[in-house]
Amino acid sequence: MNHDNTYNHAAAHGAHDGGRGEGGPRALELLAPAKDLECGKAAIDHGADAVYIGAERFGARQAAGNPVADIAELCRYAHTYGARVYVTVNTIIYDNELDDTVRTVNSLYEAGADAILVQDMALLKAPLPPIELHASTQTDNRTPEKAAWLAAHGFSRVVLARELSLGEIAAVHAKVPAVELEAFVHGALCVSFSGQCYASQHCFGRSANRGECAQFCRLKFSLEDAAGNVLAADRHLLSLKDMCRIDHLEQMAEAGVTSFKIEGRLKDAAYVKNVTAAYSLRLDEMIRRHPDRYRRASWGRCTYTFKPNVDKTFNRGFTDYFLTADSGPRATAPDGGHARPGHGLWPKDDITSFDTPKARGERVGKVKDIKGAALTVAGTAAFANGDGLCFVNARHELEGFRVNRAEGNKIYPLKMPAALTRGTTLYRNYDKAFSDTLAGQSAVRKIGVGMTLAEAPGGFRLTMTAQTADGPVSAESYAPAERQAAQKPQGDNIARQLGKLGNTPFDCLKVSLEPEDMNLFVPSSVLSAMRRDAAASLEEALQAAALKRRGGRADYGDPATARAMATAVAEESRQLNIANGLARRLYEDDGICGQPPAYEITESAGTPLMRCRHCLRRSLGRCLRRERQEGAWRGPLYLRLADGRRFGLRFNCDKCEMEIYADH
């Protein structure tokens, strides 16, 4: 089945501006993850305007590092389509690693990278090449003041915290309108504010800020009160659903978001293909409705062999998180006060995944009947041999089984689960037919070109031109040949031979002749050679044009602005993750002095292991700020692991935040 229903990214509206909106419709960027070179190319093929990928070292996903040679190849591939490549160099850096980090950044710049994502502020004082800097979400970007401070230090883009609402995003944009805002739209959620989680370091000696997160938040906990009473037993109390904001892209663009980021640098190519295609199609629909306001940041037309569906790849159930949150029914705080403006935001949906941290997948129906070795599903889903189905059993555990044979909605499991009963909701976390489709080539991306064959001294000249958002880009090829009058018109044959662009990135839209009445015989071998040479030269021309568009360190602010915002920055992020002397010097230059070293260097007993907008009191129906509820819990409250380790909870009702501390 051919789903040729995409928008042409080359629909150029105004000059290309790298997404900064400097005249004409604003360029919107779909940013996809790349675990490796294969995933990066798949993302581009399926509609990404940019990809982000990890360097061999210093990326916040240590298991997703890539050699510079692979990143260079990805840059060449992406730049042909006007797409960009961002490389994560977003861990905290120790003093003895600074020289290696600078060498890494230099090699990435030479490889063609368009920007690096940064967490450690030492890099602002390091001798870097003129490469664009993006402030990673690991820098804890939740306030207009933090964004202004980052802009004053030369960051051209700020990756926003996942917890922000549309109103909070708009407030950041209003403060720093010249700075690009990147926001997550899909994928796994960290329960802690990014960059402010030290639970993995404390419990397992694996630092999340060093790319070694052990996923403490996906473990089972029991919730206890001060007397040791168990309020919730053996649940995944810190585990959240996955984010899905595919229905809110226009609202996010209106709030000021330029780049829409898909999470998943550890995900496989099938996930990248499906999710990227789904969001690309949705962005294109929005642009078709508002061509005067928005356009895509890259070009090329994508054609798919499948119908994208985000429910069919890894997910724990979906939430838009706090994006469309509101304050709900206002109740007075325990101290009799009221919420501060901008706080007290409650999500409208359930954000938690207490039953399991594993993939649940798409809902396919309920068990209608069980007879012998077969079960019947009430629903409209079609099943295939090899599908993976799952359900939540009576013990609040996810249990799965494989479909051995499917006859319509009648399923014969490989082994019938004993816990399965009539009325149970079923989910499909592995769709065999869908996965088989994505395992092969599932999309093609082509750039439309016009071709002109002209007479030239001693032969012929072929000009191939691509229309991009930057304007036309052309390349030529020449072939010597004798002039031979043709016995019959050659226009159709010339067009047919030149149009055989095969595995190139190009699709022939039109072939012209100069002069128009040219009637000369041109051997097919000559036409093929000219076509190959012109296509190769055009690829190189597009890649060269992309390299010329690269920006350097931005200059949106000044030292005075940085110092003016410094106090607010220090107050909001209690741990600034200072792991080296250069970073400390930068903060001290702004007047931020006396900060503790990074938790990875000195574990401070007063540092919360997590700071969260997810509040267990609220999620379990015991919010102290909402309307009065029965059965109030006696504080303080604790989380306990199965091995007996206990963690204290503190609730900041003024901000609707929860903090988790080691129980010493």
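The structure presented is a predicted model; accordingly, all values stated were derived computationally and were not measured. Start at 1 with the first residue, then count along the sequence.
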By side chain to side chain contact (heavy atoms under 4.5 Å, CB included) - contacts of Asp436 (at least two apart):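 Partners of Asp436 by the side chain to side chain contact (heavy atoms under 4.5 Å, CB included) criterion, ordered by chain and then number, come out as Lys432.
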Are the charged groups of [X] and [Y] less than 4.0 angstrom apart, N to O?
{"X": "Arg289", "Y": "Glu250", "value": "yes"}
{"X": "Glu73", "Y": "Lys41", "value": "yes"}
{"X": "Arg206", "Y": "Glu600", "value": "no"}
{"X": "Glu132", "Y": "Arg549", "value": "no"}
{"X": "Asp140", "Y": "Lys146", "value": "no"}

Arg210 to Ile93 - nearest heavy-atom pair and separation: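 Nearest heavy atoms, Arg210 then Ile93: NH1-CA, 4.1 Å.
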Heavy-atom pair of closest approach, residues Ala48 and Ala32: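 Ala48 and Ala32 have their closest heavy atoms at CB-CB, 3.9 Å.
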Lys/Arg cation over aromatic Tyr294: Arg26, 6.0 Å, 45° cone: no
Stacked cation flag Arg550 on Tyr109, 6.0 angstrom / 45 deg: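 Positive - Arg550 is close enough to the ring of Tyr109 and near enough to its axis.
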Positive for salt bridge (Lys or Arg N to Asp or Glu O under 4.0 Å) with Glu29, one of Lys261, Arg157, Arg296: Arg157
Arg245 and Arg282, any side-chain heavy atoms less than 4.5 Å apart: no
Within-4.5 Å side-chain heavy-atom neighbours: Leu249 and Glu285: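 The answer is no; the side chains never approach within 4.5 Å.
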Lys125 atom NZ, neighbour heavy-atom count above 12 within 6.0 Å: yes
side-chain contact (heavy atoms from CB on, under 4.5 Å), paired with Tyr81, selected from Arg445, Lys446, Gln543: Arg445
Identified ring-ring contact (aromatic ring centres under 6.0 Å, His included) partner of His186 from the options Phe260, Tyr279, Tyr321: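 Per the ring-ring contact (aromatic ring centres under 6.0 Å, His included) rule, the option paired with His186 is Tyr279, out of Phe260, Tyr279, Tyr321.
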